[in-house]
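Notes for the one structure printed next.
In listed order, ligands and their atoms are each counted from 1.
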Amino acid sequence: MVVTRFAPSPTGYLHIGGLRTALFSYLWAKKNGGKFVLRIEDTDKARNSDEATKAILEAFKWLGLEHDGEIQYQSKRGEIYAKYINQLLDEGKAYKCYMSKEELTQLRETQMANKQRTKYDGKYRDFNATPPEGIEPVIRIKAPLTGEIIVKDGVKGDVSFQAEDILDDFVIARADGSPTYNFVVAIDDALMGINEVIRGDDHLSNTPKQIVVYEALGFDIPKFYHVPMIHNQQGKKLSKRDGATDVMEYKTMGYTPQALLNFLVRLGWSHGDQEIFSLQEMKNLFDPKDINKSASIYNTEKLDWLNAHYIKNTPNDELAQLLLEFDIVLTSHDKKEIILDAIKERAKTLKEMVSLIKEILQTPTSYDEKAVKKAFKGDAIEILNAFGAKVATCKNCHLPSDYHILMEDIVKEKEIGFGKIGQPLRVALLGKMSGVGLDTVMAIIGKDETMLRIANAITALVSSDKTVS
Ligand code: GLU
């Protein structure tokens, strides 16, 4: 059975790189009918926050990613780590190191001055004299001093590390007894049965150390997939300026879960040239062997394009539900269908939908000056007035087509182009020159509100004398 995991350190918000590896791990487990474990790596007491853990869970819920079994918290597993530290000490595979901070600094400085790699020199590796007083020892693992460590990576192939270039007897427990990252990760992955680790390639250099721990404890080494980073358009590491740092900001910006998941799955993974994937399709098709070898490029236009696609193809009932989060209540609005049909083709985000809806439903309180200048030339007021009168006497004005007929009538009667009524009417109804079709707007707001907006505009523009003759 494939068992994968997502193992965030709750020190900040969940960012999109983290979420992408979570998604990959989730999909790969699901595709194989396996398990996806969520492990919160909360051993760094100074930097952890409950908020960050909550934010991760909130993001998972929003996106519909479900982990299997209980959430595992490293902070609750201290006894397990202590047991393995003692085991390694007993077996002589780890030892207490009494080197003081000053001594360690001195060692580092000398190595730097000699242009050597800075590393622990193994002073206490085979020490059996009386230890110096007043120093709480750290525990170091006996790492191989020479030879090759090969990380068999599903994305990068075999990556070879020379022990003397990257290893030293690294610390597995600090002086206060707390275990270190590479030690607990290896133990947890092994004990939780994780056999496929998918994570960012910023962790690749940790993997040889984790392999040392696996080997010392006689655990099976999982299969690794180190996923290349996400870069911005300039080929640099993604920063705050390129996209949201907190995944939940995408929700606030009006992106749908499907669009974000679809966007993420294509950041570094492809299946032919297919762009649109439902979650089910991702589960069926995802395979880490298709993860790209080079960095992926973050592209906001692509995200917008996907989001527009999903908005267009989401049933209106569901859209109405999503819009509730933005305080737009259309769920039982009698014009729900016509409103949503009119705007879902035009909006890239739910937030844009919100402004389009507000624009339609709220009586304008001001009028865009440029639009007024353009629209209210010559006899615009008179034409608008005449149109208002037509609306007032209309017996059967409900559908967009009913209002469209009224507009056609006025065009014929006055022998004018469509723009001569369209432009002032648009400003009267929406306060500006852009927006959805006017016949649709009138059908949505109804006859009384249409007349009110026309009258309001005429009063405002005549009294402020903004019309241009
Ligand atoms: N806790 C680590 C992090 O958030 C990830 C550990 C791992 O994936 O192996 O960067």
Indicate the ring-plane relationship of Tyr214 and Phe224, choosing parallel, tilted or perpendicular according to the 30° and 60° boundaries. perpendicular

Taking 4.0 Å as the limit for heavy-atom contacts, which would you say applies to Pro8 with ligand 1: side chain only, backbone only, both, or neither? backbone

Any atoms of ligand 1 less than 4.0 Å from a non-hydrogen atom of Tyr181? List them with their elements. 5 (C), 6 (C), 7 (C), 9 (O)

How are the rings of Trp269 and His271 set to each other: parallel, tilted or perpendicular (split at 30° and 60°)? parallel

In this structure, are over 12 heavy atoms from other groups packed under 6.0 Å from Lys348 atom NZ? no

Give me the ring orientation class for Tyr26 and Phe36: parallel if the planes are under 30° apart, tilted from 30 to 60°, perpendicular past 60°. perpendicular

Sorted by chain and residue number, the salt bridge (charged side-chain N to carboxylate O under 4.0 Å, His left out) partners of Asp189 (sequence neighbours excluded) come out as Arg5, Arg39

Under 3.5 Å, N or O to N or O, is Val185 touching ligand 1 that way? no

Parallel under 30°, tilted from 30 to 60°, perpendicular over 60°: which one fits the rings of Tyr98 and Phe127? tilted

Enumerated ligand 1 atoms positioned under 4.0 Å from heavy atoms of Glu41: 1 (N), 2 (C), 5 (C), 6 (C)

What is the nearest protein non-hydrogen atom to atom 10 (O) of ligand 1, stated with its residue, atom name and distance? His203 NE2, 3.0 Å

Atom 5 (C) of ligand 1 has as its nearest protein heavy atom Ala7 O, 3.3 Å

Ligand 1 contacted by Gln210 (non-hydrogen, < 4.0 Å): no

Tell me which protein heavy atom sits closest to atom 3 (C) of ligand 1, plus the residue, atom name and distance to 0.1 Å. Ser9 OG, 3.5 Å

For the pair Lys123 and Glu103, find out whether any cationic side-chain nitrogen is under 4.0 Å from an anionic carboxylate oxygen. yes

Using a strict 4.0 Å cut-off to heavy atoms of Arg5, name the atoms of ligand 1 that fall inside it. 7 (C), 8 (O), 9 (O)

